[in-house]
Amino acid sequence: QVQLGESGGGLVQAGDSLRLSCVASGRTFSTYAMGWFRQAPGNKREFLAAITWNSGLTTYADSVKGRFTISKDNAKNTVSLQMNSLKPEDTAVYYCAADRRHFGASMDDLWGEGTQVTVSS
């Protein structure tokens with residue numbers, strides 16, 4: 001069973017950058033696609049970006065394309081989300097996700113506990 005653990009959230013100012021990390025553990029995590037979602041209070045969970053472990057194929061939501069970058073470090077079993085030019089509307093709990101069958105917004109097999117990102121104006 002794959003387990004996910006996020007880190008890197010915090011309080012930043014508008015325009016700042018932040019890097020989130022998700023460490024994956026488990027025997028078969030390499031067969032999963034990994035992704036990042038977020039959920040703001042009162043909103044549905046929103047897909048942000050995804051990457052495949054093996055090929056490094058990526059996909060992004062239009063809302064973050066050009067500002068956020070997903071990457072992986074196979075040696076450290078870590079998937080990261082680099083977030084630049086942060087806006088107050090990026091404030092949310094950010095979740096790492098893993099899925100063996102889906103790639104993108106439909107990913108929902110496994111979830112981390114989330115990390116809070118707050119962007120002040």
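What you see is a predicted model, and the numbers here were worked out from it, not measured in a lab.
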Give me the atom names and distance for the closest heavy-atom approach of [X] to [Y].
X: Asn54; Y: Lys72; answer: O-NZ, 4.5 Å
X: Cys22; Y: Met34; answer: SG-CE, 4.2 Å
X: Ile70; Y: Tyr60; answer: N-OH, 2.9 Å
X: Ser85; Y: Asp90; answer: O-OD2, 4.4 Å
X: Leu110; Y: Tyr32; answer: CD1-CE2, 3.7 Å
X: Ser21; Y: Ser80; answer: OG-OG, 3.6 Å

Rounded distance (nearest 0.5 Å) linking atom [atom1] of [X] with atom [atom2] of [Y]:
X: Arg101; Y: Ser106; atom1: CZ; atom2: OG; result: 10.0 Å
X: Glu6; Y: Cys96; atom1: CD; atom2: SG; result: 5.5 Å
X: Arg38; Y: Arg45; atom1: CZ; atom2: CZ; result: 13.0 Å

Between the main-chain N or O of [Y] and the side-chain N or O of [X], is there a donor-acceptor pair closer than 3.5 Å?
X: Thr115; Y: Gly9; answer: yes
X: Thr58; Y: Ala50; answer: no
X: Asp73; Y: Thr78; answer: no
X: Thr91; Y: Val119; answer: yes
X: Asp99; Y: Asp108; answer: yes

Any link between [X] and [Y] through a network of hydrophobic side chains (Ile, Leu, Val, Met, Phe, Trp, Tyr) touching at under 4.5 Å?
X: Val79; Y: Trp111; result: no
X: Val23; Y: Leu20; result: no
X: Val93; Y: Val117; result: no
X: Leu4; Y: Phe103; result: no
X: Leu81; Y: Met107; result: no

Handout entry: Residue pair Ser17 / Asn84, side-chain donor-acceptor N/O under 3.5 Å
Key =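 Their side chains do contain a donor-acceptor pair, which is all the 3.5 Å distance test asks for.
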Practice task
May I ask you to test the Leu86-Leu18 pair for a side-chain heavy-atom distance under 4.5 Å?
Solution key: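 When only atoms from C-beta onward are counted, Leu18 and Leu86 do touch, with a gap below 4.5 Å.
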Practice task
Flag the pair Ser63 / Glu89 as yes when at least one side-chain heavy-atom distance between them is below 4.5 Å, and no otherwise.
Solution key: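 The answer is no, as the side chains (C-beta and beyond) never meet within the 4.5 Å cut-off.
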Practice task
Measure the acute angle between the ring planes of Tyr94 and Phe68, then classify it against the limits of 30° and 60° as parallel, tilted or perpendicular.
Solution key: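 Geometry flag for Phe68 against Tyr94: tilted rings.
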Practice task
Assess the pair Phe47 and Phe37: is the distance between their ring centroids shorter than 6.0 Å?
Solution key: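 Yes, close enough.
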